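Working notes, beginning with the structure itself.
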Amino acid sequence: MINYNTHHSLSIEGKIILITGAFGMIGKTIAMSFLEQGALVILADIDTDKKGDLENLLTRRFTEDRFLLQQLDITNEESCQNAINTILGKFGRLDVLINNAAIDAKFDKIHPGSVNQSRFENYPIDLLQKSIETNLTGTILITQHVCRVMMKQGFGNIINVASTYSVVAPNQSLYDYGDQKPQFKPVDYVASKSFIPNFTRYLATFYAHDNIRCNAIVPHGIANDHGKKFVENFAKLSPLGRMCEREELIGPFTFLASDASSYMTGSLLTVDGGWTAW
Ligand SMILES: NC(=O)c1ccc[n+]([C@@H]2O[C@H](COP(=O)([O-])OP(=O)(O)OC[C@H]3O[C@@H](n4cnc5c(N)ncnc54)[C@H](O)[C@@H]3O)[C@@H](O)[C@H]2O)c1
């Protein structure tokens, strides 16, 4: 008999979910929505400056047993272990990890000068290494810590946050502001995010018999006070003709965090308005 009831429910109520980079744009959106949907959420981030405001917002809306604001540097072994200890101390288990923390180096302000640093042949190797350290090594490090917990408890669900630049090259004309100062999406982001799809497949197959699933979301172009020219450029290149509203990520994240996606592992869920479709 097929159970047509709630077995594959989209509900995430009661799930304990760790979101890294949760003080940033996407992480905060997902965290707030998950709390509204009844999940218990650990919001973890390296940037403690934003912690106070977020704490005020959360305590106005949710009781303190529902959330944890956790300082976490995913590139630091001790910080990862402290976070895990605190999470287990408060909630006792961890159902879902969302690997959302990342560096997206904005156009180079650290190395100003006459040479255009955003061009591939000029891109500073120290900036590349910084992005690799966070987006690749840091993502692996925090996932190792979480997988030890998930192996012990016998279940788990990991959602990696990729990017369209994990699967296709940037169309550099997007960054042409028509001001005779050409800017390019630097190679560090593309290099460090390209590992996410295959890391997702690696984890999915590695843990396939351990009741631990792993999938990735591939978002693109979340609207966030971009300039007029950028928005126009984006609209011309996008099949849907517009940027993504941050709320439009909630459904896909909820789906992957819920049991409705129970037969999915090793998949990429693309949320890009068709960007990679042509
Ligand atoms: N914004 C977009 O349009 C877009 C598109 C595709 C993919 N993404 C991906 O979505 C994710 C979130 O992006 P966002 O736009 O919200 O960025 P954001 O910069 O607003 O948030 C990223 C957060 O990660 C945190 N962080 C950085 N290094 C960290 C570390 N070592 N340890 C813990 N936290 C750390 C930052 O403090 C920040 O709060 C990233 O993985 C990004 O690559 C974003």
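First listed ligand is number 1; within each ligand, the first listed atom is number 1. Predicted model only: the values in this text are computed from it and were never measured.
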Can you confirm, on distance only, whether ligand 1 has an N/O atom lying under 3.5 Å from any N/O atom belonging to Ile26? yes
Given Ala102, Cys80, Pro219, which has its nearest heavy atom closest to atom 27 (C) of ligand 1? Ala102
Contacting atoms of ligand 1, where contact means under 4.0 angstrom from a heavy atom of Asn100: 10 (O), 11 (C), 12 (C), 40 (C), 41 (O)
Check whether the side chains of Gln37 and Ser33 place a donor and an acceptor atom closer than 3.5 Å, and report yes or no. yes
Return yes or no for this condition: an N or O of Ile103 is under 3.5 Å from an N or O of ligand 1. no
For Lys50, counting its heavy atoms only, list the atoms of ligand 1 lying under 4.0 Å from any of them. 39 (O)
Taking only non-hydrogen atoms of Asp47 and a 4.0 Å limit, the atoms of ligand 1 in range are 37 (O)
Quick check: Leu72 and ligand 1, any N/O pair under 3.5 Å apart? yes
Quick check: does His220 get an N/O under 3.5 Å from an N/O on ligand 1? no
Under a 4.0 Å N-O cut-off, is there an ion pair linking Asp49 with Lys51? no
Residue pair Ser267 / Arg201, side-chain donor-acceptor N/O under 3.5 Å: no
Is a side-chain donor-acceptor pair under 3.5 Å present for Ser118 with Asn116? yes
Using distance alone, decide if ligand 1 has a nitrogen or oxygen within less than 3.5 Å of any nitrogen or oxygen in Ala101. no
One thing to verify: whether Glu36 and Arg66 come together as a salt bridge, which I'm taking to mean a side-chain N less than 4.0 angstrom from a carboxylate O. no
Does a donor on one side chain and an acceptor on the other come within less than 3.5 Å for Asp188 and Ser131? yes
For atom 39 (O) of ligand 1, which candidate among Leu141, Asp45, Val271 holds the nearest heavy atom? Asp45
Closest to atom 10 (O) of ligand 1 among Asp272, Val161, Asn76 (heavy-atom distance): Val161
Suppose I only count heavy atoms of Gly221 and a 4.0 Å limit; which atoms of ligand 1 are within that range? 3 (O)
Is there a nitrogen or oxygen of Asp73 sitting under 3.5 Å from a nitrogen or oxygen of ligand 1? yes
Would you say Thr134 and ligand 1 have an N/O pair spaced under 3.5 Å apart? no
Distance-only polar pair, side chains of Thr200 and Asn160, donor-acceptor under 3.5 Å: yes
Got a salt bridge between Glu232 and Lys236, using NZ or NE/NH1/NH2 to carboxylate O under 4.0 Å? no
Would you say Tyr189 has any N or O atom under 3.5 Å from an N or O of ligand 1, going by distance alone? yes
In terms of side-chain geometry, is the basic nitrogen of Lys15 or Asp259 positioned less than 4.0 Å from the acidic oxygen of its partner? yes
Taking the six-membered ring for Trp, are Tyr165 and Tyr189 parallel (under 30°), tilted (30 to 60°) or perpendicular (over 60°)? perpendicular
Heavy-atom nearest option to atom 7 (C) of ligand 1, drawn from Gly27, Ala83, Gly24, Ala162: Ala162
